[in-house]
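These notes concern the structure reproduced below.
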Amino acid sequence: MKRRVCGILLAASLMVLISTPLFARVVDVDAISDQGQNFPVYSITPYNIRTSTFRAYVEAVRGRHYGIRVRNNTGHRLGLVVAVDGRNILSGSRSTLRRDEQMYILNPYSGGTFDGWRTAPNQVNRFYFTDAGDSYAGAWDDHSAMGVIALAVFFEKIHHYPYVPPAMPEEKTGQRDRAESQPGTGFGEGKYSPSRRVAFEPEERPAEKHFLKYEWRETLCRKGFLSCRPQRNRFWDDDDFAPYPPRR
């Protein structure tokens, strides 16, 4: 029996893209604020064409709401398995980015912003940057992929199959590991977000995978992605003596 998969198409967050570059990734992925500004991204390595994988760091701001903006650069419908901190943002279940998971659907040359855990057909509970112990994944005792926004992109097969309801999140087990130094994504307030179900059968393998590892600013400073030297106060010089003048 073939696995039947259903996707969810956002009704309110779709926008048609005017143009696309001559050569582009299948999708572009950004973490954005509620004001539409991109959170700073620091690529680890250039896009790997051989493995179709993109990895980068994102600077997280504690307490700030965020959304995951995805742009479809192709003329095909795409299925997107999106996981935050290792949990599928549609079903809440532990994700392995496989084709049989619940997914969002993007129409050709369109884009969408996914900014919360979907708790009903017309509601999501907002994403916000927080400590790992306050995160949604932490509430399920799952710290296996904390601080990572992960996305697998699937092209569509030609056949369509009926909808299969999503699996419920597994029960909590064990003791919660509060890794307070790690960032995580919280389960915020509810927001109206209409959607509709559509039939979609993904191909066997993802066309692309994107991984955004979000970290606090001090961690990115320590890793060397940011230059975080303290600025010198010109009215409070810690030196006791006058320096030698610069050479002319």
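With rounding to the nearest 0.5 Å, the separation of CD in Glu203 from CZ in Phe155 is 7.0 Å. Atoms CD1 and CG, from Ile149 and Asp85 in turn, are 8.5 Å apart once rounded to the nearest 0.5 Å. The distance from atom CZ of Phe114 to atom OG of Ser193, rounded to the nearest 0.5 Å, is 9.5 Å. A distance of 14.5 Å separates CG in Asp115 from OH in Tyr128, rounded to the nearest 0.5 Å. Separation of atoms CZ (Arg196) and CG (Asn122) is listed at 12.5 Å; rounding is to 0.5 Å. Distance OG/Ser52 to NE2/His210: 8.5 Å, rounded to 0.5 Å.
A cation-pi geometry, defined here as NZ or CZ lying under 6.0 Å from the six-membered ring centre and within 45° of its normal, holds between Arg25 and Phe54. For the pair Arg62 and Phe129, the cation-pi test (distance below 6.0 Å, angle within 45°) is failed.
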* Evaluate the criterion side chain to side chain donor-acceptor pair (under 3.5 Å) for residue pair Asn88 and Ser93; output intermediate values, then yes/no. => CA-CA 5 Å; Asn88 186 300; Ser93 299; over 6 Å; no
* Stepwise side-chain contact (heavy atoms from CB on, under 4.5 Å) check, Arg99 with Arg205 -> CA-CA 7 Å; Arg99 66 184 294 272; Arg205 297 180 179 275; over 6 Å; no
* Asked: Going through the distances and angles, do Asn72 and Tyr109 end up as a side-chain contact (heavy atoms from CB on, under 4.5 Å)?
  -> CA-CA 5 Å; Asn72 181 357; Tyr109 299 113; 5.9 Å; no
* To do: Report the C-alpha distance between Gln35 and His65 in whole Å, list the side-chain angles of each, state the deciding distance to 0.1 Å, and finish with yes or no for side chain to side chain donor-acceptor pair (under 3.5 Å).
  => CA-CA 10 Å; Gln35 292 72 42; His65 289 108; over 6 Å; no
* Given the rule in the side-chain contact (heavy atoms from CB on, under 4.5 Å) test, do Phe127 and Ile68 qualify, once you have shown the distances and angles that lead to the verdict? -> CA-CA 9 Å; Phe127 296 143; Ile68 305 163; 4.0 Å; yes
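Side-chain N or O atoms of Arg69 include none that pairs as donor or acceptor with a backbone N or O of Thr113 at under 3.5 Å. With hydrogens and angles ignored, the 3.5 Å screen pairs a side-chain donor or acceptor of Arg118 with a backbone N or O of Pro121. Checking side-chain atoms of Trp117 against main-chain N and O of Gly186 turns up a donor-acceptor pair under 3.5 Å. Judged by distance alone, with hydrogens and angles left aside, the side-chain atoms of Asp131 form no donor-acceptor pair with the main-chain N or O of Asp134 at under 3.5 Å. Although no hydrogens or angles enter the test, the distance criterion places no donor-acceptor pair under 3.5 Å between the side chain of Asn38 and the main chain of Pro40. A donor-acceptor pair under 3.5 Å links the side-chain atoms of Asn125 to the main chain of Gly188, judged by distance alone. Side chain of Tyr214 to backbone of Thr185: a donor-acceptor contact under 3.5 angstrom is found. Of the possible donor and acceptor atoms, none in the side chain of Arg98 sits under 3.5 Å from a partner among the backbone N and O of Asp100. At least one donor-acceptor pair under 3.5 Å links the side chain of Glu208 to the backbone N or O of Val26. No donor-acceptor distance shorter than 3.5 angstrom exists from the side chain of Arg126 to the backbone of Glu189, with no hydrogens or angles considered.
With hydrogens and angles left out, the side-chain atoms of Asp28 and Asn73 include a donor and acceptor closer than 3.5 Å.
Partners of Ser95 according to the side chain to side chain donor-acceptor pair (under 3.5 Å) rule, which considers only residues two or more places apart in sequence or in another chain, are Glu101. With sequence neighbours excluded, the residues that form a side chain to side chain contact (heavy atoms under 4.5 Å, CB included) with Lys223 are Tyr57, Glu215, Thr219, Phe225. Among residues two or more places apart in sequence or in another chain, the side chain to side chain donor-acceptor pair (under 3.5 Å) test is passed with Arg222 by none.
Applying the side-chain contact (heavy atoms from CB on, under 4.5 Å) test between Tyr66 and each of Val84, Asp30, Ile32 identifies Val84 as the sole match.
Salt bridge Glu156/Arg77: present, at least one basic N to carboxylate O contact under 4.0 Å.
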